[in-house]
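The structure appears right after this line, and notes come after that.
Chain identifiers are assigned alphabetically (A, B, ...) following the order of the sequence lines, protein sequences preceding nucleic acid strands; residue numbering begins at 1 within each chain. On a predicted model such as this, the values are computed, not experimentally measured, just so you know.
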2 protein chains.
Amino acid sequence: MNEVTQLDAAFAALAHPARRAILARLAQGEATVNELAEPFEMSLPAVSKHIRVLEGANLITRARNAQFRPCTLNAAPLAAVAEWTEQYRHIWDVRFDTMTEILKDLEGK
Amino acid sequence: MNEVTQLDAAFAALAHPARRAILARLAQGEATVNELAEPFEMSLPAVSKHIRVLEGANLITRARNAQFRPCTLNAAPLAAVAEWTEQYRHIWDVRFDTMTEILKDLEGK
DNA sequence: AAGTTAATTAATCAAGTGGTTAAATAATGC
DNA sequence: GCATTATTTAACCACTTGATTAATTAACTT
């Protein structure tokens, strides 16, 4: 619905390195909470909370399989973030400016 | 230096709609605090704090000009965010998968 | 039924966020 | 020097975040 709050939640969720690491792991396939928690030093409840934040931002979806709750990556909010960021690309992408100048030069002749 | 905390700060700063609006304004050229505050209903100190967060994430740089402190957009963290996000593009970009399949088909023949 | 494994909830805590109003600082212009 | 304009700092408040340990729920295994 609201594009703004969707982006708010996505950006906020991505602001923590543990959550970005969890997403990186999920990019290679679904994983359970324990699997996701394994690389971290923090407690399981802490990881559980991070997962909840990611879920709240719709960055992951959770299923049920016996006592496991496998998580899968959800692309849509990442696409929204990419789309938002792309609108600023011309600011840092020097090649962009160079290219448009070259094209203008060519048209001018 | 530390790539992770740089991204942390950038994502956290981008998580607030007012701060994204400020960046959008600065994308069109430098502006003073009062100019940046004008579209918002919140108080000037509140805007000042948002600006400080953006500065902390290195998303803007501040100069001095008499009693004004003009802000300018800083592209580097946005580029870092874009780069981070791009690594997930293949997950949502269906055209990517379609394209690679087409290429595989062509090679197979 | 009892034990094990997976995950969440509860209670707690310190620190951070986002906002306010009121006061202070900085620089300009008369 | 004094008033004005631009901006920040201070003090405060409610709420959220990120973490902990201990307890609980859920589902499988024997």
side-chain hydrogen bond (donor to acceptor under 3.5 Å, both in side chains) pairs, two or more places apart, involving residues 64-74 of chain B: B:N58-B:N74, B:T61-B:N74
B:D8 atom CG is separated from C:dG16 atom C1', nearest whole Å, by 14 Å
So, for B:L73 and A:Y88, which heavy atoms are closest and what is the spacing to 0.1 Å? CD2-CD2, 4.1 Å
Spacing between A:N65 atom CG and C:dA6 atom C1', to the nearest angstrom: 12 Å
Would you say B:L14 and A:V81 make side-chain contact, with heavy atoms under 4.5 Å? no
For C:dT17, take OP1 and OP2 only and decide whether either is under 4.0 Å from a side-chain N or O of B:H50. no
Figure out the CD/P separation between B:E30 and D:dA6, and round it to whole Å. 15 Å
Please report the distance, rounded to the nearest Å, between CZ in B:F40 and C1' in C:dG18. 13 Å
Would you mind reading off the distance between A:R20 atom CZ and D:dG18 atom C1', rounded to a whole angstrom? 15 Å
Quick note, ring-ring contact (aromatic ring centres under 6.0 Å, His included) partners involving residues 24-50 of chain B, not counting sequence neighbours, are B:H16-B:H50
Within the structure provided, determine whether B:R19 and B:L59 are in side-chain contact (heavy-atom separation under 4.5 Å). no
For C:dG18, does OP1 or OP2 lie under 4.0 Å from any side-chain N or O of B:R19? yes
Basic-acidic side-chain contact under 4.0 Å: B:E86, B:R89: yes
Using a cut-off of under 3.5 Å, enumerate the N/O to N/O pairs linking the protein to nucleotides 7-11 of chain C.
unit_1	atom_1	unit_2	atom_2	d
C:dA7	OP1	A:V33	N	3.3
C:dA7	OP1	A:R69	N	3.2
C:dA7	OP2	A:N34	N	2.8
C:dA7	OP2	A:N34	ND2	2.5
C:dT8	OP1	A:R62	NH1	2.4
C:dT8	OP1	A:R62	NH2	3.1
C:dT8	OP2	A:S48	OG	2.5
C:dT9	OP2	A:R52	NH2	2.6

Between atom CZ in B:F11 and atom C1' in D:dT17, what is the gap in whole Å? 18 Å
Can you tell me if the side-chain N/O atoms of A:H16 get under 4.0 Å from OP1 or OP2 in C:dG16? no
Rounded to whole angstroms, how far apart are CD on B:E55 and C1' on D:dT9? 15 Å
Calculate the interatomic distance between A:E41 atom CD and D:dA19 atom C1'; express it in whole Å. 14 Å
Just checking A:A66: base, sugar-phosphate only, or nothing, at a heavy-atom cut-off of under 4.0 Å? sugar-phosphate
Looking only at heavy atoms, the pair that brings B:L36 and B:L26 closest together is CD2-CD2, 3.9 Å
